[in-house]
Amino acid sequence: MKRVVVGLSGGVDSSVAAYLLQQQGYEVIGLFMKNWHDDSVTISNECPWLEDSNDALLVAEKLGIPFQTVDLSEEYKEKIVDYMFNEYEKGRTPNPDVLCNREIKFDVFMKIALSLGADYVATGHYCQKGKTEVDGKTVYQLIAGADNNKDQSYFLCQLSQEQLSKALFPIGALTKPEVREIAAEMELVTAEKKDSQGLCFIGKVRLPEFLQQKLQPKEGKIVQIDKNDPIYTVEEPAGLSLEDELKAEAQKLNYRPEMGKFMGKHQGAHYFTVGQRKGLNVGGTTDPLFVIATDVETNTIYTGLTSNHPGLFKKALFIEKSEVHWIRTDLTLNVGETMEVMARIRYRQPLQKATLHQFADGMYVRFEEPQSAITEGQFVAWYLENELAGSGVIS
């Protein structure tokens, strides 16, 4: 009998995952991860970990499976929280959920599970696992969840073959309503529970306040750049190599404060991200202002009117060589090779047509249509049909 450790988060998805595994004849153990100690930054009554661990315990009792809590807050602080601060300080926008899966759930947590004699680790993610054979070897596939509205394959875009080989996703073939139905039939306490938002397993964290504990506020200027600014009409010199062409398309534009109109003050460029609209507190504009760029060196935020502002769009992005990650290692591109894919630069974004171009120092992803708010530090993931083949950090 194969043994599976399920990460019970106290939500409906992982509860149903545990139940389904039990039905499939696995020996199931429930483990709750405690990743957070500091209650001063969570919105205390919104879903503290205590309530969640209690719900997880009730589900385990209902199913009659062993249950324990593991405290991973030290690893979490070091691998996720510290990393986030460093990224924000550099003016980048990290994605804690993708990292939490790579560094915590499918690494630290998985090692604990395997030490308990588990054959697999299961989670309540909406995605599916496939396998195929390449040159006589088994290759694992990360397939999108059957529920188009809930597909969470993107969050697992950094997993390795090794991690995937030991992972199970019991609810990946179901839709959210079906999962809730099963939970209601089984009278699990989590059946009606709202989906958790916010940082992976921390409950709802007030991110700015959370960051402000580490990052000192410093006043800077908010500058508005006109959509007809000459910076948007620079002609590319003829006869560029493909690599130089892509480089130009992926490049950050070089804004300077004197190019635009002073709109007001902010408390620190590192609190803002490209594409952001809320929190600028600038009134009196006919249309909403969007952040089109931040500069942590000069502590300036550049903004533009409307979501169609040319400063928001780019056709290509670059991933440094060390950050290119293939789940399907057998499909890795060699220098000079290209691949047609569907890609997304954030969770929930509809897939976009794109081409991967591999060069010696990294990879360019060039989109058919210009993309809004390509954000440094976030992940781009690429798909072949419904299979997530690889991903990388946007540089």
Return the minimal non-hydrogen interatomic distance between [X] and [Y], and the atom names on each side.
| X | Y | answer |
| --- | --- | --- |
| Thr138 | Glu133 | N-CG, 4.5 Å |
| Trp382 | Gly392 | CZ3-N, 3.8 Å |
| Lys62 | Met186 | CE-O, 3.1 Å |
| Thr190 | Arg180 | O-NH1, 4.1 Å |
| Leu8 | Phe32 | O-CD1, 3.1 Å |
| Tyr271 | Gln216 | OH-C, 3.8 Å |

Between the main-chain N or O of [Y] and the side-chain N or O of [X], is there a donor-acceptor pair closer than 3.5 Å?
| X | Y | value |
| --- | --- | --- |
| His270 | Phe85 | no |
| Thr303 | Val223 | yes |
| Gln358 | Gly362 | yes |
| Gln276 | Lys278 | yes |
| Ser241 | Asp244 | yes |
| Glu219 | Gln267 | no |
| Ser165 | Glu162 | yes |
| Arg3 | Leu116 | yes |
| Glu337 | Leu333 | no |

Show your working on side-chain contact (heavy atoms from CB on, under 4.5 Å) between Leu174 and Ile182 and close with a plain yes or no. CA-CA 10 Å; Leu174 301 174; Ile182 293 172; 3.8 Å; yes
Salt bridge or not for [X] and [Y], using N-O below 4.0 Å?
| X | Y | result |
| --- | --- | --- |
| Lys77 | Glu74 | no |
| Lys252 | Asp295 | no |
| Arg328 | Asp330 | yes |
| Arg366 | Glu245 | yes |

Does [X] belong to the same Ile/Leu/Val/Met/Phe/Trp/Tyr cluster as [Y], with side-chain heavy atoms less than 4.5 Å apart forming each link?
| X | Y | answer |
| --- | --- | --- |
| Met84 | Val393 | yes |
| Tyr140 | Leu384 | no |
| Ile394 | Leu246 | no |
| Leu57 | Tyr19 | yes |
| Val274 | Ile319 | no |

Tell me if the [atom1] atom of [X] is crowded by more than 12 foreign heavy atoms within 6.0 Å.
| X | atom1 | answer |
| --- | --- | --- |
| Lys176 | NZ | yes |
| Glu385 | CD | no |
| Glu187 | CD | no |

Indicate yes or no: at least one non-hydrogen side-chain atom of [X] is less than 4.5 angstrom from one of [Y].
| X | Y | result |
| --- | --- | --- |
| Val296 | Tyr88 | no |
| Gln68 | Leu31 | yes |
| Asp107 | Gln163 | yes |
| Gln141 | Lys129 | no |
| Lys2 | Leu21 | no |
| Leu63 | Val28 | no |
| Gln371 | Lys315 | no |
| Leu331 | Met339 | yes |

[atom1] of [X] to [atom2] of [Y]: how many Å apart, nearest 0.5 Å?
| X | Y | atom1 | atom2 | value |
| --- | --- | --- | --- | --- |
| Phe318 | His357 | CZ | NE2 | 13.0 Å |
| Ile292 | Leu253 | CD1 | CG | 8.0 Å |
| Arg102 | His325 | CZ | NE2 | 8.0 Å |
| Ile327 | Gln158 | CD1 | CD | 8.0 Å |
| Glu320 | Met363 | CD | CE | 13.5 Å |
| Thr175 | Glu178 | OG1 | CD | 3.5 Å |

Centres of the Tyr347 and Phe155 rings: under 6.0 Å?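 Yes; Phe155 has its ring centre under 6.0 Å from that of Tyr347.
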Would Tyr232 and His309 count as a close aromatic pair, with their ring centres under 6.0 Å? yes
Regarding [X] and [Y], is there a side-chain donor-to-acceptor distance under 3.5 Å anywhere?
| X | Y | value |
| --- | --- | --- |
| Tyr126 | Asp13 | yes |
| Thr93 | Thr375 | no |
| Asn308 | Thr306 | no |
| Tyr383 | Ser153 | yes |
| Ser14 | Ser9 | yes |

Can Lys193 and Asp52 be said to form a salt bridge (charged side-chain N to carboxylate O under 4.0 Å, His left out), step by step? CA-CA 10 Å; Lys193 196 168 172 179; Asp52 285 336; 2.8 Å; yes
Given side-chain contact (heavy atoms from CB on, under 4.5 Å), test Asp229 with Tyr255 step by step and report yes or no. CA-CA 10 Å; Asp229 191 282; Tyr255 298 107; over 6 Å; no
Walk me through whether Leu156 and Phe169 qualify under side-chain contact (heavy atoms from CB on, under 4.5 Å). CA-CA 11 Å; Leu156 301 171; Phe169 307 113; 3.7 Å; yes
Residues Tyr154, Val98; criterion side-chain contact (heavy atoms from CB on, under 4.5 Å); working and verdict: CA-CA 8 Å; Tyr154 175 82; Val98 171; 4.2 Å; yes
